[in-house]
Each structure stands twice: as C-alpha cells, then as structure tokens.
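Values in this document were obtained by computation on a predicted structure and should not be read as measured data. Letters A, B, ... are given to chains in the order of the sequence lines, protein chains preceding strands, and every chain is numbered from 1.
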2 protein chains.
Amino acid sequence: MTEEGTLAYGTNIDVRSAAGPVGAATPTCQLRDVLDRVGDKWSVLVMALLGDGPRRYSELQRGIEGISQRMLTLTLRSLERDGLVVRTVTPSSPPRVDYSLTPVGRTLSTEVGSLIRWAEAHRDYVAQSRLRYDEQ
Amino acid sequence: MTEEGTLAYGTNIDVRSAAGPVGAATPTCQLRDVLDRVGDKWSVLVMALLGDGPRRYSELQRGIEGISQRMLTLTLRSLERDGLVVRTVTPSSPPRVDYSLTPVGRTLSTEVGSLIRWAEAHRDYVAQSRLRYDEQ
DNA sequence: CCGTATCCTTAACGATACTG
DNA sequence: CAGTATCGTTAAGGATACGG
C-alpha cells in the first residue's frame, strides 16, 4: 500500500507518483472523506446490521444499544447521501421505513464485517496489552 | 455476522445467544473500545504507513500531512498501549526512535489496508452520490 | 412509527511554546 | 530529533421535547 507515498489530509490516496505532500486544499472526495464515514461512532455498526439484510428504523434502534434517535437518523442520512444505503417508505399506517444496502454499500459492509471480526478475535489481546501498559 | 444479535454499546460482540441488549456496563475491552481505535482521526493512517515497514517519528510526521506533533504522539501511545505498535529507542545523538507493528498490529494493518483500498476504489462513486443527493 | 428541532456538554483536536 | 505542556476551539454527540 502506498509504496513510498504521503498520506495527506486531503490526498488523492494513490500518491505513489508524488514526491512531497499532496496539496491539502483539493476539492471533492478524498481519502479522509471516506475514512471519516468509518470513523464516526455509529456508521460501522449500522453497516454491520444492514449486512444481515434490510432493517426497519425501529429495528436498527433496538439493535444498536445506546444510539439516540438523532444519531441514528443522522447516520442513516449520511450513508444514504454516500450511496451506501437506500431508504424505502411504505406509506401504511403507521408508516413503515426500511433501510437496506446498495450494491456498493454491501462491499463496504464486507470490509466493515471483517474489521468487526478482527476486533472480536483480538479483544482479549488488546485488553491484556492495556492492562500491562497501564500498570507500568 | 451477528445473526440476530444486538450490537450493543459495550457488547461482547458475539451476541448470537443473547435475546435482548447486552448490558452496557460491562468492564474491560468491548467492541466499541477496539472500534474507536479505528475511529479516531489518525490511527488508520499511522497503521497504513507502518504497514510498509518501520518508520521514524519524523518520517511518520512528514508522511501524514496535517498531523500535529501532539496528535502523532498521542496516536502512537494509544497504539503502543493496545499492543499494536512497538517503540524502539536508539540512544544516539540526536536520539533515534523507530516505530513498527507488532504481529497483531500487522493483522490490523492488513484490515486497514483493504479499507483504504475500498475508499480508493469507490471514491468517485461516493463523490457522485453526494453531488446528486445535495442538489435535490 | 419515524422522525425533526433545540439546547447543551464533552472530548477530540489544533496551535503554540518549550525541553532533554 | 522526539517529544511534553498548556490553552483554546469546534464539532460530535446526548437529552429532551415536539410533530406528521
């Protein structure tokens, strides 16, 4: 990955050709833009849940402990904006809203899934490391 | 992933067996703890750079545009605490400090690497999606 | 049921200055 | 070179209340 390149704040990601830092004032969708999607507090969990199939708004809220309505809505809107999630409204009464992954969303959900599996697999190791580090 | 489970704030991650939300007051190293490491602003970039091999402190700082000394140090300390990075001091003059991945760190660096490649591959798609969403 | 609006708090982060 | 210390900002997120 990035043989000798610079991981710039607003870099074009593939900076193999660049010698110095890539300009930080580049315009549209950069590495950080996309990474921030994974970086926020809830997107990863939402993507993981939706990876198992479509979910209603209320199912997501019950499925992700501690998320507020505000944050669930904001997270879903962001994911929708990025073309990773689609929102489907069934105008029944009461109205029913389902969220599901787009094809591209599914590919990210896969990545996110293996990240979660990594966390699961190395949880104890990390906990032990922290204990040892802290008691020094 | 997580067949029918709840992705709780402090969950034990594998909650396949649990019916309801897992207690939020669990003690040590939970899903969110590990995910937050990926969630902060710089860890992913540091891990990616170190995935190419050991780097000196100054190399990391030059390699990651926009990172402050403060944040580089904090990020490295956290990664060290989690047992993902090791710090090696060569007491020359001027002193030389190298950072490298632990074996477990390398496995996370791999995950992080494919995440970055995902971002690279779908950057344009995401940018387009945002444009379309915003102009509505 | 599925949100939006508002207010408020915290903590992540940046800037700057200083040190062995 | 490789940090630490301090201060200030701002943006993310939580709590709560209300609406279609």
Side-chain angles (χ1 to χ4, degrees), chain A residues 7-10 21 24-25 32-33 35-46 49-50 54-82 85-100 133 136, chain B residues 7-10 21 24-25 32-33 35-46 49-50 54-82 85-100 133 136:
Chain A
L7 291 168
Y9 188 31
R32 172 146 307 285
D33 287 305
L35 247 40
D36 280 349
R37 179 102 339 277
V38 174
D40 68 31
K41 193 169 181 179
W42 302 110
S43 290
V44 165
L45 298 181
V46 171
L49 266 190
L50 292 181
R55 292 283 185 276
R56 299 186 59 171
Y57 183 88
S58 51
E59 289 176 325
L60 289 171
Q61 182 155 27
R62 265 177 282 113
I64 302 175
E65 185 174 312
I67 195 170
S68 60
Q69 276 193 327
R70 170 183 148 81
M71 286 318 295
L72 179 54
T73 301
L74 285 180
T75 302
L76 287 168
R77 291 292 172 273
S78 294
L79 293 172
E80 203 189 349
R81 182 169 108 103
D82 289 356
V85 157
V86 279
R87 177 173 180 272
T88 318
V89 184
T90 309
S92 54
S93 125
R96 174 195 177 95
V97 180
D98 286 279
Y99 292 92
S100 56
Y133 186 96
Q136 310 292 352
Chain B
L7 290 169
Y9 188 30
R32 172 145 309 284
D33 286 307
L35 246 41
D36 280 349
R37 180 103 336 279
V38 174
D40 69 31
K41 193 169 182 180
W42 302 110
S43 290
V44 166
L45 298 181
V46 170
L49 265 191
L50 292 181
R55 291 283 185 278
R56 300 185 59 171
Y57 182 89
S58 50
E59 289 176 326
L60 289 171
Q61 183 154 27
R62 265 177 283 113
I64 302 172
E65 184 174 312
I67 195 171
S68 62
Q69 275 193 326
R70 172 184 147 81
M71 286 317 295
L72 179 55
T73 301
L74 286 179
T75 302
L76 287 168
R77 291 291 172 275
S78 295
L79 294 172
E80 202 189 349
R81 182 170 107 102
D82 288 355
V85 157
V86 280
R87 178 174 180 271
T88 318
V89 184
T90 310
S92 54
S93 124
R96 175 195 176 94
V97 180
D98 286 278
Y99 291 92
S100 55
Y133 187 96
Q136 310 292 349

> Distance-only, no hydrogens or angles: does the A:S93 side chain make a donor-acceptor pair with backbone N or O of A:P95 under 3.5 Å?
Replying inline: no
>> Would the distance check show the side chain of B:R32 and the main-chain N or O of A:K41 forming a donor-acceptor pair, the cut-off being under 3.5 Å?
In response: yes
> How would you label the contact of B:S58 with the nucleic acid (heavy atoms, under 4.0 Å): base, sugar-phosphate, or nothing?
Replying inline: sugar-phosphate
Interatomic distance, [X] [atom1] vs [N] [atom2] [rounded to whole Å]:
X	N	atom1	atom2	result
A:M71	C:dC2	CE	P	19 Å
B:Q69	C:dT16	CD	C1'	11 Å
B:I67	C:dA15	CD1	C1'	14 Å
A:L76	C:dT4	CG	C1'	14 Å
B:I64	C:dG14	CD1	C1'	16 Å
B:L74	D:dT6	CG	P	14 Å
A:R87	C:dG3	CZ	C1'	8 Å
B:D40	D:dA11	CG	P	18 Å

Can you figure out which of [options] approaches the side chain of [X] most closely?
X	options	value
B:R77	C:dC2, D:dG13, D:dT4	D:dT4
B:V97	D:dA17, C:dC1, D:dG3	D:dG3
B:P94	C:dC2, D:dA2, D:dC1	D:dC1
B:W42	C:dG3, D:dC1, C:dG14	C:dG14
B:K41	C:dG14, C:dC2, D:dA2	C:dG14

> Does B:Y57 have a side-chain nitrogen or oxygen under 4.0 Å from the phosphate oxygens OP1 or OP2 of D:dT4?
Replying inline: no
> Could you give the distance from OG1 (B:T75) to CG (B:L60), rounded to the nearest 0.5 Å?
Replying inline: 10.0 Å
> So, does the side chain of A:R70 form a donor-acceptor pair with the base of C:dG3 at under 3.5 Å?
Replying inline: no
> Can you check whether B:Y57 reaches B:T73 side chain to side chain, under 4.5 Å on heavy atoms?
Replying inline: yes
> Are any non-hydrogen side-chain atoms of B:L45 and A:L35 less than 4.5 angstrom apart?
Replying inline: yes
